[in-house]
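Everything below concerns the one structure shown next.
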Amino acid sequence: MPSSSTPPPRRLALLLGGLAMFGPFSIDTIFPAFPQIGAQLGADKLAMQQTISVYLLAYAAMSVVHGPLSDALGRRRVILSGLAVFVLASLGCALATTLPQLLAFRALQGLSAGVGLIVGRAVIRDVLHGHDAQRLMSHVSMIFGIAPAVAPVLGGWLLGWHRWPAIFWFLALFAAVLAAAVWRALPETHPPAARLPLHPMALLRGYWGIARHPRFLRLSVAAGLNFGALFLYIASAPAFVLDLLRLGERQFAWFFVPMIGGMMLGAFVSGRAAGRIDGRHLANLGFACCGAAMALNVGYNLWVDVPAVPWAVLPMSLNAFGIALAFPVITLAILDMYPRQRGSASSLQAFFGLLVNAAIAGLLSPLVSDSGLHLALAAAAFMVGGWLFWWWETHASRRALRAPEEPAALEPTVL
């Protein structure tokens, strides 16, 4: 059994970052294999896009369960169970011989993949507070940011070495290694005395109470829409890289490396700024960077007929930098609103974001990925929507601070 002491922050950041990575790995590693899978299973581009949307819908549905389960049963037990299911689902994907089989096991992957990211956020708040929590959240974000950059490149290499099932064999192995690391190095951070009973009606009432809170809604929608601008490009990566940029199956790094480089740099700056720059100002700076990126992106696509690297991808690098500045601040503000329901709050925030991402992948991406300008305009619309909700939240928080009779939950604790 592992030690009951909490690992040092650096080791904990590596472990929680690894847990957060296997969700994005499940999406991005298969992008280079889309043509090969489609040819073998008789699926066109629209049908292949459903391997992403089915995964995300299942991820979203289960995301509302992971957090409350960890509030009731403990973080460690829920993480290990989720990893075990993910291993079995990845093996099923590797052995699938028809598209319905692949979609079924992709849904099972989605049901389990969110456990690392969602429960991991609650673990951070279990062991650290204030600026220390923001630093750890930023460090985890840096490690998490590696996944979308490495995953499609790794998928291309695996595809060059073997056929597409090798990608899912790798995902199964990666999750198994993570399970061993959790078993050995992650103690239980949510003791029995702090746990909540797992009653369905009480859970629904708790979710309803969180979901109807105006501040929670403003923060969750601001984060979800702002990230949606970037996720539109991630979900459209096969069309953007292969069709619009006219690159090869092993050249996804041209898109993902600059984008994730911006995200990692933003996470680093966010961690260094913790305790030095007010959270509200840091998030404002992040939204300003996102706005500048969207303006540059739309302007570039209006200027050229055919987008090309590196100019087509640099605006999304700046966008990722801005998101990485704002996202930890917003997430910690949400978790601080519900100190006894951190798992539930993390789950519900993830659920809102995942619904947005599933709609982007399954509905919007196929409609706008035929044109660089269409992609740029749609991404800009998401960013502007996220900023409007953030602007609403900042003004509502100022009013709450000037009104002492307001409930304490309305007071911003991180912003």
Query raised in the report: Would you find a donor on one side and an acceptor on the other, under 3.5 Å apart, between the side chain of Q40 and the backbone of Q36?
Result: no

Query raised in the report: Between L219 and Q349, is any pair of side-chain heavy atoms under 4.5 Å apart?
Result: no

Query raised in the report: If you take all heavy atoms of W164 and A96, which pair is closest and at what distance?
Result: CH2-O, 3.7 Å

Query raised in the report: Can you tell if the side chain of L91 reaches within under 4.5 Å of the side chain of W169, non-hydrogen atoms only?
Result: yes

Query raised in the report: For F105, does the CZ atom have more than 12 heavy-atom neighbours from other residues, nucleotides or ligands under 6.0 Å away?
Result: no

Query raised in the report: Would a 4.5 Å heavy-atom cut-off, applied to side chains only, mark L102 and F168 as touching?
Result: yes

Report summary line: So OG of S90 and CZ of F25: to nearest 0.5 Å the spacing works out to 12.0 Å

Query raised in the report: If only atom types and distance count, is the side chain of S112 paired as donor or acceptor with the main-chain N or O of Q109 below 3.5 Å?
Result: yes

Query raised in the report: When rounded to the nearest 0.5 angstrom, what is the spacing between CG in L377 and CG in L302?
Result: 7.0 Å

Query - Side chain R106, main chain Y55, donor-acceptor under 3.5 Å - result: no

Report task. Would you check if the side chain of R76 reaches a backbone N or O of W183 as a donor-acceptor pair within less than 3.5 Å? Result -> yes

Query raised in the report: Atom CD in Q50, atom CG in L99: separation rounded to 0.5 Å?
Result: 9.0 Å

Report summary line: dist R75:CZ -> L80:CG (nearest 0.5 Å) comes out at 14.0 Å

Requested in this report: Evaluate side chain to side chain contact (heavy atoms under 4.5 Å, CB included) for V85 paired with L88, printing each intermediate quantity in order.
Outcome: CA-CA 5 Å; V85 173; L88 295 176; 5.8 Å; no

Report summary line: Closest heavy-atom pair, G82 versus V115, reported as atoms and distance to 0.1 Å, is CA-CG1, 3.9 Å

Query raised in the report: Quick one: do the W390 and N284 side chains pair a donor with an acceptor below 3.5 Å?
Result: yes

**Report entry** Plane angle bin for F240 and Y233 - parallel if under 30°, tilted between 30 and 60°, otherwise perpendicular
**Finding:** perpendicular

Query raised in the report: So which heavy atom on A181 is nearest to which on L15, and how close?
Result: CB-CD1, 3.9 Å

**Report entry** Exam field: side chain N301 to backbone N297, donor-acceptor pair closer than 3.5 Å
**Finding:** yes

Report task. Report yes if the side chains of V87 and L83 come closer than 4.5 Å at any heavy-atom pair, otherwise no. Result -> no

Query raised in the report: L245 and W254: side chain to side chain contact (heavy atoms under 4.5 Å, CB included), yes or no, with the steps?
Result: CA-CA 10 Å; L245 298 182; W254 274 105; 5.7 Å; no

Requested in this report: Taking the side chain as every heavy atom from C-beta outward, state whether M294 and F382 have any atom pair closer than 4.5 Å.
Outcome: no

Query raised in the report: Is the backbone of P258 close enough, under 3.5 Å, to the side chain of S317 for a donor and an acceptor to pair up by distance?
Result: yes

Requested in this report: Starting at OG of S270, measure out to CG of L325 and round the result to the nearest 0.5 Å.
Outcome: 6.0 Å

Query raised in the report: Got a second to check how far L247's CG is from F255's CZ, nearest 0.5 Å?
Result: 11.5 Å

Query - Min side-chain heavy-atom separation L95-P165 under 4.5 Å - result: no

Query - Stepwise side chain to side chain contact (heavy atoms under 4.5 Å, CB included) test for F86 and S26 - result: CA-CA 10 Å; F86 186 87; S26 305; 3.0 Å; yes

Query - G18 to L178 - nearest heavy-atom pair and separation - result: O-CD1, 3.4 Å

Query raised in the report: How far apart are the closest heavy atoms of I360 and A235, and which atoms are they?
Result: CG2-CB, 4.5 Å

Requested in this report: Might you work through the side chain to side chain contact (heavy atoms under 4.5 Å, CB included) test for R280 and T394, ending with a clear yes or no?
Outcome: CA-CA 8 Å; R280 188 194 308 276; T394 58; 3.6 Å; yes

Requested in this report: Mind listing the closest non-hydrogen atom pair of F327 and A223 along with its distance?
Outcome: CE1-CB, 3.9 Å

Query - Main-chain N/O of F216 paired with S220 side-chain donor or acceptor, under 3.5 Å - result: yes

Report task. Would you please classify the geometry between the W387 ring and the W391 ring as parallel, tilted or perpendicular, with 30° and 60° separating the classes? Result -> tilted

Query raised in the report: Within a strict 4.5 Å, meaning less than it, do heavy atoms of the I30 and I52 side chains meet?
Result: yes

Requested in this report: Compare all side-chain heavy atoms of F170 with those of I167 and state whether any distance is below 4.5 angstrom.
Outcome: no

Query - Test: R215 cationic atom under 6.0 Å from W392 six-membered ring centre, within 45° of axis - result: no

